[in-house]
K.L.:
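Sending over a structure as structure tokens; questions will come in a sec.
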Amino acid sequence: MADKNGKEPEYVVIESGKTSLRDLYTKEDWMAIWMGFLLLIIGLAIYLPQPPEKSAEIPKYNATMKDEAAKAPFKTIEWHNASSAKKGIRARDQEFGKTIQNFFAAPGGWSENPLDAVYRSKEQADAMNAKAKEAADKAKVAEDGALATAKTAQAAAAAAAFKDTSLNETAEKEIKAWQAAKDKASKAKGKASNKPFNRIYYLIGLCVMLAVFFGIGKAIMGESFGGFVLGFPVVFLIAVLAYMAETQSLMKYWGFGFPLWAIIFGLLISNTVGTPKWVQPAVATEFFIKTGLVLLGAEILFNKILAIGKPGIFVAWVCTPITLILTYWFGQRVVKMPSKTLNITISADMSVCGVSAAIATAAACRAKKEELTLAIGLSMVFTAICMVAQPAFAKLVGLPEILAGAWMGSTIDSTGAVAAAGAFYGEKALYVAATIKMIQNVLIGVTAFCVAVYWCAKVECAPGTKVSWWEVWYRFPKFVIGFIVASIVFSFIDQGMGKDMSTVMIDQGVLRGFTRIAREWFFALAFTSIGLETNFREFGPYFKGGKPLTLYVFGQSFQLMLTLIVAYIMFYIIFPEVTAGI
């Protein structure tokens, strides 16, 4: 039934019945699956037949690392050199990989002139390099000095046959200092290696390609190809501006990422001049995000889930559902949220993994688009706060890297923000945080299914009636199937190739060299669309009494405390051997 403005509701209950074959190419969820699979197949076809030449040297590096590990009770200089050489072998670093990455590259960093994000002349590059060269030279001298000291300390330990504990500890300390100096020198060298670029042509080409790609999908579903292509450049331009806002030096420091800016820019347009009607066919929030989530599934690999062991799985898969259920209960019984769909969407967004979980949950419970936008907006604000505040708090109280990583990985909503916070705290913190967030992302499908069942059984079904499993099936967001299948298929490919080659070809090739950067663009387009189709006046009823904010603050506070306690118990009391091996 249409509302007073003649607009159909955002979500409608679908009558029970069987899925027709026509649904497989006319329904948005299924189309997102096919388009996501197509991109994954293209990525495999590009990278798998062309392994880097240096990949043949991996067995040599592994043998060196094995020999050095058997020789000394600490990681020697030779071990680190072999490890660094092996990590440097990446399929995406080949020429064709660099071309793909240039094509998909987002605007770069800038401080005062926004044009610096998309264009840099040779004169500008030379000036930047000259300015940074002195710092790079100093860092290199410091690295060489640290290496010399480390070699002396290691030689002393070797002269004692690695049996003198004091000499071993000194050598290990100096080698770690050399690694830190080497890392600083590498970053300094990068700042002095600026090259001229012109991303404008690449961005125009990417805009055309994405317009045609998604336009064809729209056309197959029975919508207008021309209408979509006509309006798409506006959506794309706003997404580009959102990236540029993210890469501005001050905004980057404070962690205000492109999702927040995309929503803000879209809202500014929709609530002032209004989104033009000719642009509206290209405002396809769910189509963009669902396709991106299918690609995200390929990044969830079983071996990475198992690598961190039982404590990581326990933190991600026990704390998360407890927080979700308690937050939903708190919203209904204490805060008395009038909208159950808003309540569960905020609960899933905050407890599981942010925007991805919110999208899946909103589809499962048929939340209104205004409710989804509100949940995502709250998530973006708290993500920016937590990304800065949590590492700062961890340093203040002196949390161990592994504990801090587990805490941040399970409580910061955005995967990108988790990586940034973990990297700020340390290498081990980054590894643990990113792995736990990946484990947590598995719950996207589980949460969507459970919410669909609960809504059919308890929320919307008449008392005394049985659950209609066909209704659950219709309510369940089908794109989650693509997410799960992509995860399973890529996990099998990963297992078949072996850890080293999978890292080179899949993680550092297909994923990081193609599908992940494409997925981030899809998310940027989705967040832009959310802003363009949302009006501030629609938020009024949902913000009444500040209940959504109260709910989010309660849930996030509880999750922060619970996760920190559970992570400490799991990593340092019950499974200390896992912690020792990280």
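The structure displayed is predicted, hence computed values, not measured ones.
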K.L.:
Using side-chain hydrogen bond (donor to acceptor under 3.5 Å, both in side chains) as the criterion, list what pairs up with Y454, not counting sequence neighbours.
P.N.:
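With sequence neighbours excluded, Y454 shows a side-chain hydrogen bond (donor to acceptor under 3.5 Å, both in side chains) to no residue whatsoever.
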
K.L.:
Give a yes or no answer on whether the side chain of K368 reaches the backbone of T341 with a donor-acceptor pair at less than 3.5 Å.
P.N.:
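Looks like no, no N/O pair under 3.5 Å.
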
K.L.:
Does atom NZ of K395 have more than 12 heavy-atom neighbours from other groups under 6.0 Å away?
P.N.:
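More than 12 within 6.0 Å, yes.
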
K.L.:
Under 4.0 Å between a Lys/Arg side-chain N and an Asp/Glu carboxylate O for K290 and E28?
P.N.:
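E28 and K290: salt-bridged.
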
K.L.:
With a 6.0 Å cut-off (strictly less than), is the heavy-atom count around CZ of F554, excluding the residue itself, greater than 12?
P.N.:
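Counting neighbours around CZ of F554, more than 12 heavy atoms of other residues, nucleotides or ligands fall under 6.0 Å, so yes.
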
K.L.:
Has S487 got a side-chain atom pairing as donor or acceptor with I300's backbone, closer than 3.5 angstrom?
P.N.:
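At least one qualifying donor-acceptor pair exists.
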
K.L.:
Are the side chain of Y47 and the backbone of G513 linked by a donor-acceptor contact shorter than 3.5 Å?
P.N.:
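Yes, because the side chain of Y47 sits within donor-acceptor range (under 3.5 Å) of the backbone of G513.
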
K.L.:
Let me see the working for Y243 and W521 under ring-ring contact (aromatic ring centres under 6.0 Å, His included), right down to the final yes or no.
P.N.:
CA-CA 9 Å; Y243 268 121; W521 274 109; 4.7 Å; yes

K.L.:
Can you name the closest pair of heavy atoms from T247 and G108 and give their distance?
P.N.:
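So the minimum-distance heavy-atom pair works out to OG1-O, 2.7 Å.
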
K.L.:
T275 side chain to L532 main-chain N or O, any donor-acceptor pair under 3.5 Å?
P.N.:
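Confirmed, T275 side chain pairs with L532 backbone.
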
K.L.:
If you round to the nearest 0.5 Å, how far is CD1 of I530 from CG of L374?
P.N.:
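Separation between the atoms: 11.5 Å.
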
K.L.:
Any donor and acceptor pair, going by atom type alone, linking the side chain of E401 with main-chain N or O of K428 inside 3.5 Å?
P.N.:
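Yes, the answer is positive, given that a donor and an acceptor are paired below the 3.5 Å cut-off.
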
K.L.:
How would you list, by chain and number, every residue that makes a side-chain hydrogen bond (donor to acceptor under 3.5 Å, both in side chains) with S356, sequence neighbours excluded?
P.N.:
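For S356 there are no side-chain hydrogen bond (donor to acceptor under 3.5 Å, both in side chains) partners, ignoring immediate neighbours.
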
K.L.:
Would you call the rings of W34 and F37 parallel, tilted or perpendicular, taking 30° and 60° as the class edges?
P.N.:
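W34 vs F37 ring planes: perpendicular.
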
K.L.:
Apply ring pair (Phe, Tyr, Trp, His ring centres under 6.0 Å) to F214 and list each qualifying residue two or more places apart in sequence or on a separate chain.
P.N.:
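Applying ring pair (Phe, Tyr, Trp, His ring centres under 6.0 Å) to F214 gives F287, F288, F522.
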
K.L.:
If you take the centroid of each ring, where Trp contributes its six-membered ring, are W407 and F393 closer together than 6.0 Å?
P.N.:
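So the answer is yes for these two rings.
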
K.L.:
So, taking the atom named OH in Y568 and the one named CD1 in I573, what distance separates them when rounded to the nearest 0.5 Å?
P.N.:
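So the OH of Y568 and the CD1 of I573 are separated by 5.0 Å.
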
K.L.:
Using the side-chain hydrogen bond (donor to acceptor under 3.5 Å, both in side chains) criterion, which residues pair with K340? Sequence neighbours excluded.
P.N.:
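Once residues adjacent in sequence are excluded, K340 has no partner under the side-chain hydrogen bond (donor to acceptor under 3.5 Å, both in side chains) criterion.
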
K.L.:
Got a donor-acceptor contact below 3.5 angstrom from the E246 side chain to the F258 backbone?
P.N.:
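Confirmed, E246 side chain pairs with F258 backbone.
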
K.L.:
State whether the side chain of K218 and the backbone N or O of A284 hold a donor-acceptor pair below 3.5 Å, judged by distance alone.
P.N.:
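Checking the backbone N and O of A284 against the side chain of K218, no donor-acceptor pair under 3.5 Å is found.
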
K.L.:
With sequence neighbours excluded, tell me which residues meet side-chain hydrogen bond (donor to acceptor under 3.5 Å, both in side chains) with S502.
P.N.:
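Per chain and number, S502 pairs via side-chain hydrogen bond (donor to acceptor under 3.5 Å, both in side chains) with D494.
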
K.L.:
Do you know which two heavy atoms are closest between P391 and M408, and how far apart they sit?
P.N.:
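Closest approach of P391 to M408: CG-SD, 3.6 Å.
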
K.L.:
Does Y552 reach the main-chain N or O of F382 with its side chain, forming a donor-acceptor pair under 3.5 Å?
P.N.:
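No; judged by distance alone, with no hydrogens or angles, the pair does not exist.
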
K.L.:
Out of curiosity, K27 NZ to I33 CD1, how far, rounded to the nearest 0.5 Å?
P.N.:
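Rounded to the nearest 0.5 Å, the NZ-CD1 separation comes to 14.0 Å.
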
K.L.:
Distance-only, no hydrogens or angles: does the W317 side chain make a donor-acceptor pair with backbone N or O of L443 under 3.5 Å?
P.N.:
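Judged by distance alone, no pair lies under 3.5 Å.
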
K.L.:
Please find the pair of heavy atoms, one from I359 and one from L293, that lie closest to each other, and give the distance.
P.N.:
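Taking I359 first and L293 second, the nearest heavy atoms are CG2-CD1, 4.3 Å.
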
K.L.:
Is there any salt bridge (Lys or Arg N to Asp or Glu O under 4.0 Å) pair reaching into residues 507-517, and which pairs are they, with sequence neighbours excluded?
P.N.:
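Sorted pair list: E299-R516, K304-D507, D507-R512.
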
K.L.:
Taking T361 for its side chain and A358 for its backbone only, find out whether a donor-acceptor pair lies under 3.5 Å.
P.N.:
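Not at all, since once roles are kept as given, no pair shorter than 3.5 Å links the two residues.
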
K.L.:
Does the side chain of E371 come under 3.5 Å of the side chain of T345 through a donor N or O and an acceptor N or O?
P.N.:
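No donor-acceptor contact under 3.5 Å links the two side chains.
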
